[in-house]
Amino acid sequence: MLNVWVVMPTCLPTVLRRCPACASNRFRANGKFRVNAHHKLLDAWLLVLCTACGDTAKLTVLERVNVRSVRPDLLDLMHNNDPGLAAELLQDPVVQRRNRIALDWDNAWRLDTGGSDHLDREVIDVSVRFAARIPVRPVRLISQGFGVSRAEVERLITEGTLVSAVRLSGRLSCDFTFTLKR
Ligand SMILES: [Zn+2]
């Protein structure tokens with residue numbers, strides 16, 4: 001039987017970007033947008049606040065785009081300061097590159113294992129699914145899921161008790177499966 005674990009975001013990630021007003025490099029989005037229309041051209045930004053000095057920075061979402069080419073529902077979401085849209089945009093590689101930002105997901109996600117019934121079976125197949133592209137270390141995830149130390153997880157990998165088609169060292173942000181045979 002396949003067990004599903006889900007990596008769930010619990011809040012918006014920290015935005016890593018240098019603050020021009022202070023030495024900090026951490027910003028937090030509060031889900032607020034600013035939209036500016038000039039003639040038929042539209043600019044839109046997602047606002048982020050420096051966690052140290054509170055200074056506001058604007059992340060470009062749309063830049064001098066013809067109003068007619070923008071989906072009306074997208075405009076509505078921005079006018080309503082939709083937090084879901086903010087989360088989606090922060091994870092968008094195009095938005096990240098354009099604004100030269102990276103994300104820090106520490107303390108912004110949780111692992112949902114769907115209960116502990118399956119954890120003491122002899123053979124356990126787990127499918128890990130990511131509800132957002134959150135880069136996490138599988139070793140950390142598995143140690144958290146089973147409530148054992150990371151050293152123990154590393155030992156299980158080394159002795160071949162814990163196997164996966166993907167490399168379990170390093171970080172992953174896409175779905176994978178693993179099997180534990182005790
Ligand atoms: Zn600052």
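For ligands, and for the atoms within them, numbers begin at 1 and follow the listed sequence. Index from 1, following the sequence.
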*Flag for Ser24-Arg26: side-chain donor and acceptor within less than 3.5 Å*: no
*asked:* Tell me whether Leu16 shares a hydrophobic cluster with Leu49, the cluster being built from Ile, Leu, Val, Met, Phe, Trp, Tyr side chains joined at under 4.5 Å.
replied: no
*Flag for Arg28-Thr14: side-chain donor and acceptor within less than 3.5 Å*: yes
*Is the Phe130 to Trp109 ring centre distance short of 6.0 Å?*
no
_Distances under 2.8 Å only: what protein N/O/S atoms are near the Zn ion (ligand 1), ordered by chain and residue?_
Cys19 SG, Cys22 SG, Cys50 SG, Cys53 SG
*asked:* By the definition side-chain contact (heavy atoms from CB on, under 4.5 Å), identify the one residue from Lys58, Arg34, His38, Arg64 that meets it with Asp43.
replied: Arg64
*Identify whether the distance between the nearest side-chain nitrogen and carboxylate oxygen of Arg150 and Glu154 falls below 4.0 Å.*
no
